[in-house]
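See structure below.
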Amino acid sequence: MAAPMLRWCCPVRRWALACIDGGSRYGRGAATGCTSSGKRGQSSVAQQPRITAQKPRKGEHEWAAVVGLEIHAQISSNSKLFSGSQVHFTAPPNSLVSFFDASLPGTLPVLNRRCVEAAVMTGLALNCRINKKSLFDRKHYFYADLPAGYQITQQRLPIAVNGSMVYGVCVGKKRSQVINKTVRVKQIQLEQDSGKSLHDDLRSQTLIDLNRAGVGLLEVVLEPDMSCGEEAATAVRELQLILQALGTSQANMAEGQLRVDANISVHHPGEPLGIRTEVKNLNSARFLAKAIDYEIQRQINELENGGEILNETRSFDYKLGCTVPMRDKEGKQDYRFMPEPNLPPLLLYDAESLPTAADLQQVINIDQIREQLPELPSVTREKLVQRYGMLPEHSFALLNEVGLLEFFQNVIKETRAEPKKVTSWVLNTFLGFLKQQNLAVSESPVTPSALAELLNLLDRKAISSSAAKQVFEELWRSKGKTPAQIVSEKKLELMQDQEALEQLCHAVMEGHPQVVTDVKKGNPRAINKLIGLVRKATLSRADPTVIKEILEKKLSSGDVSGPSARGRTVQP
Amino acid sequence: MALVSAALKQGQITPTELCQKCLSLIKKTKFLNAYITVSEEVALKQAEESEKRYKQGHSLGDLDGIPVAVKDNFSTAGIETTCASNMLKGYVPPYNATVVQKLLDQGALLMGKTNLDEFAMGCLASLLRLRSGSTDGVFGPVKNPWSYSKQYREKKKQKSHDENEDSNWLITGGSSGGSAAAVSAFTCFAALGSDTGGSTRNPAAHCGLVGLKPSYGLVSRHGLIPLVNSMDVPGILTRCVDDAAIVLGVLAGHDPKDSTTIQDPVKPFMLSSLTDVSKLCVGIPKEYLTPELSSEIRSLWSKAANLFESEGAKVIEVSLPHTSYSIVCYHVLCTSEVASNMARFDGLEYGHRCDIDVSTEAMYAATRREGFNDVILEVLLNTLFKPFTVIVVNYENYFVKAQKVRRLIANDFVNVFNSGVDVLLTPTTLSEAVPYTEFIKEDNRTRSAQDDIFTQAVNMAGLPAVSVPTALSHQGLPIGLQFIGRAFCDQQLLTVAKWFEKQVQFPVIQIQELMDNCSSVFENEKLASVTLKQ
């Protein structure tokens, strides 16, 4: 194990060194500067700056990357897949371990109905064919957190197969356009989670926590229909939303309820697929795309430099930002799959095949679960687009943030403002504030009603939109105040007095004859300057459109003219 | 058992007296090595409670106050469960196997845990050219009580004057040899064995007992430390068919902890006395007439067939054409499942753990080397730890093929039963019990593997089968014949067995005086066992 470890760790280190000594530390005697292109054939990938591969030179083939995903989602259930132990993320170590979980000899698995229902539900939501008969298998490997020496999974005949999932990817210069992509779902299988190993390097001990051992997992296998880290990350995000909508998994990546392995290869378009590597344990949304893109780039570099890709398992080093080969259990090995003899085939029924005398506690009816399917994110988004005339990308944005859609809907309920206005306020102002302070929607100091009231004020033209921004900032800062209170405290209401406003306009025009002349000469932008000046004079409390109307009226009537007015300035 | 149960009810004997009697017999027959653990205190306490129940007039049933023994591969809460392996030495399960719990719930007294081949691997060991026949556990071999029976000794004296006759004791057969010896030597009334390829029926035949392997799925395996999950069944060893039926009646039924048990409710077992066999169709599988079958058993087998025919039953020759593939198939399925089941014995959670702490891998390796015997190590080496190059390609290949063959074997039986046959009549073993000295001399692979030929196919097909003691051989040793029934027709099977038992009138083992006078045996046995452990 030591040899491959060394061999494959080196490039990583060399990358870090490349900018200092050109990677010659491990080079072949050439200690000077960057490696010449003549040596490219024999030099390793590490000696080439990354940039070369990103911009293929003319005449070189283009590369296409192929990414497939295996996603493990912890099933949201009270007890484990095959035992009655409870499932809790924060319980003290080894407090949720049954005899079966500890693999005491003679204990047998008993399938948890809830987990099967969750798998069927997820399968239906992902347009899968549900297998009315599925089987369980043992997958063998030795690792301390797998007490039985094997994991019970569904290798031969999984519970759901041949599905598809549509996800939206942002494209365009501003990434403001959404296009739909489809990824095929190869299969969904039920399997057990393993325990956790905690390595104490100081005392060279390994501590095992079996709380997680035996928790039900849905392994969702996505076919290699994706081509970059962003696509993969978006697909995972969509799956996460679906699982959360179904309630089949909390799918919280930070708590390890959603874990992703990516299979990655590169090839020239039109040629057969390349050898793939597997990057394991991508357990953070942030690093998922990074790791995949890194690995794609690494493979391209490797191949362009005459190297070859090994069919190996790698992990992503968050600190170094690169993938490194793994040396332990997940290395290339034979799992010696065999049927799990202690579990009979899992039989599911539909309304048609349901035996008449069946004990309803013992059978699962696919059609019944289909009827119970909640609204899926794609439908929710479509409805938003139709109902509120919102852009598709806005519907995505609303769903992507936990709780944001609910917030939006609550605002809509209480305000007369246009949905487009609400969308803009929620997605730009509100979400912007949240992001800036790294808060979740649930932690927002501004309630939906407060925002609704603010938008009502704006809609009534009681305040200007810039005043509205001020009010919002104030709302954010001082919890408990209503927008109306803030408006009156800060005297932010719009000037409703037409006469006063007309006087102000008059004064500004008098005070800036040059600008007035510009307007009259036909400079269309000049009027905006006047509007700005008037607004400033009103402390931003006047509606610019009203100001514009007044100004235009006055300008066309020739109310103010010529240099005669010069010298009469108005102090607002 | 019916007699003693009646005596308990009438107060002619108290559970405590009965328990003490059995305990003293256990002590007297210690040289048989039938028990690994004698749970004297537990049994006496249970007897006391049973006695209270009898006094208050509400006993729990036929098994209340009846001493039983349990093979040491069934989990017993608070009582060490070793599987006769160093790997599990010192392992005290925190729970009872379902079958054990059911016996206790009926008021049975648990006398102790009986000896076996390591992990009950009797049959597999033979396939790998290694010793077995309940001679293979770390607690030493089990001795067949018939070695010391009047019937055997007298015949033996007539033939020769063996100077070293005490060490020339007979094997029990495996792997539930301890359970068989315990029942045969009167130390208990019934014992649980396990049956993966004949492990209950084989020792039952050698020890002159009824050995029942119920249908797969009728009796819970929860708490039975598995050898081959898809073939293991808790077995029942008793001195008569009625006793086996009573115990099966208690054990049978769905267990929520074992998903492979039948869902349908099981009706209580009431064995009617069959008076008329004229409507019965008995099948005689022609493939079971192998050259290795001893002539004595062969003639007994045909006598039995004649008996049925003469009493009006229809007796026909049937064919189970895939019988000859059964051994290879069994081997492949066994090794894969065994290897898988042994994977959990890594010394981390329970059982033996070696002191080496260089690395987890090193600890695993050393733990297994110290914990397992040669048979298991060989199985593991052949499967788990082999580099993945060659063997793996074949692994799935073999396994899938073996499963197909298994289906063919099962179909053979289905076809026969569909043709109108009610039960099959076959021998249980190729020969009667052999002396240990002979047994270890021999190359047992062929012989022992063949020995399973009558029993192992039944496990692959999941059918019920029972070995019934039929007659004594010329040497004065028991010979059993086997009945095989339709899946889940255990009751019908036992009814036929009961009728047969009544016809053959198998003699009771006569070892009383020997047990009373066994001090000399003790001395010699100690010597013998020391040398044998080498």
Side-chain angles (χ1 to χ4, degrees), chain A residues 1 82-84 94 97-111 136-151 155-156 195 197 199 204-206 208 210 213 328-329 331-346 358-359 361-363, chain B residues 73-75 81 83 87-88 91 93-95 97-98 119 217 220-226 228-232 255-260 263 333 336-337 339-346 348-351 357-361 363-364 383-389 391-393 395-396 399 403:
Chain A
M1 279 301 164
F82 296 120
S83 79
N94 292 314
V97 184
S98 71
F99 299 152
F100 175 79
D101 304 327
S103 83
L104 290 198
T107 51
L108 300 168
V110 179
L111 187 55
F136 290 95
D137 305 284
R138 289 182 181 181
K139 176 183 181 179
H140 297 82
Y141 61 89
F142 286 121
Y143 206 67
D145 56 23
L146 187 74
Y150 57 81
Q151 174 196 37
Q155 192 238 355
R156 289 165 301 160
S197 297
H199 302 286
S204 69
Q205 280 182 331
T206 299
I208 313 285
L210 292 180
D328 66 356
K329 61 169 173 178
K332 209 177 207 179
Q333 60 171 292
D334 164 46
Y335 292 120
R336 294 179 305 102
F337 284 104
M338 63 166 251
E340 167 54 62
N342 294 322
L343 288 166
L346 170 58
D359 174 2
Q361 286 301 308
Q362 288 297 325
V363 296
Chain B
N73 59 351
F74 286 94
S75 301
T81 299
C83 275
M87 197 49 121
L88 279 178
Y91 169 60
Y95 72 102
T98 299
F119 281 102
S220 168
R221 290 180 296 117
H222 174 251
L224 165 61
I225 298 178
V228 185
N229 305 275
S230 62
M231 297 187 215
D232 291 343
D255 179 8
K257 290 175 184 150
D258 178 358
S259 309
T260 60
Q263 299 278 347
L333 293 174
S336 355
E337 280 200 38
S340 174
N341 286 329
M342 295 302 148
R344 70 184 59 209
F345 299 107
D346 54 15
L348 285 186
E349 285 80 17
Y350 40 77
D357 61 354
V358 184
S359 73
T360 314
E361 279 81 11
M363 191 273 287
Y364 279 169
T383 49
L384 287 185
F385 308 122
K386 212 139 208 180
F388 68 100
T389 48
I391 191 97
V392 169
V393 183
Y395 182 89
E396 271 194 51
F399 197 85
Q403 282 205 308

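Order of the sequence lines fixes the chain letters, A, B, ..., with proteins taken first and strands second; residue numbering starts at 1 for each chain. Worth saying up front: this structure is predicted, and the values here are computed from it rather than measured.
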Considering all heavy atoms, the nearest [X]-[Y] contact:
| X | Y | value |
| --- | --- | --- |
| B:Ser340 | A:Arg138 | OG-NH1, 2.6 Å |
| A:Thr107 | B:Tyr95 | N-OH, 3.3 Å |
| A:Pro341 | B:Arg221 | O-NH2, 4.2 Å |
| A:Asn342 | B:Thr260 | O-CG2, 3.5 Å |
| B:Ser259 | A:Pro109 | OG-O, 3.1 Å |

Item to check | Segment of B:Asn341 engaging chain A (4.5 angstrom heavy-atom cut-off) | outcome: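 Its backbone and side chain both get close to chain A.
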Next on the checklist: Please classify the contact between B:Pro256 and chain A as side chain, backbone, both or neither, with a heavy-atom cut-off of under 4.5 Å.
Outcome noted: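 The answer is the backbone of B:Pro256.
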Checklist entry - Can you find a pair of side-chain heavy atoms, one from B:His222 and one from A:Val110, that are under 4.5 Å apart? => result no
Checklist entry - Do B:Ser75 and A:Phe99 come within less than 4.5 Å of each other through their side chains, counting heavy atoms only? => result no
Item to check | Which portion of A:Glu340 sits near chain B, non-hydrogen atoms under 4.5 angstrom | outcome: neither
Item to check | Which of A:Pro339, A:Ser83, A:Gly84 touches chain B most, by non-hydrogen pairs under 4.5 Å | outcome: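 Option with the greatest count: A:Pro339.
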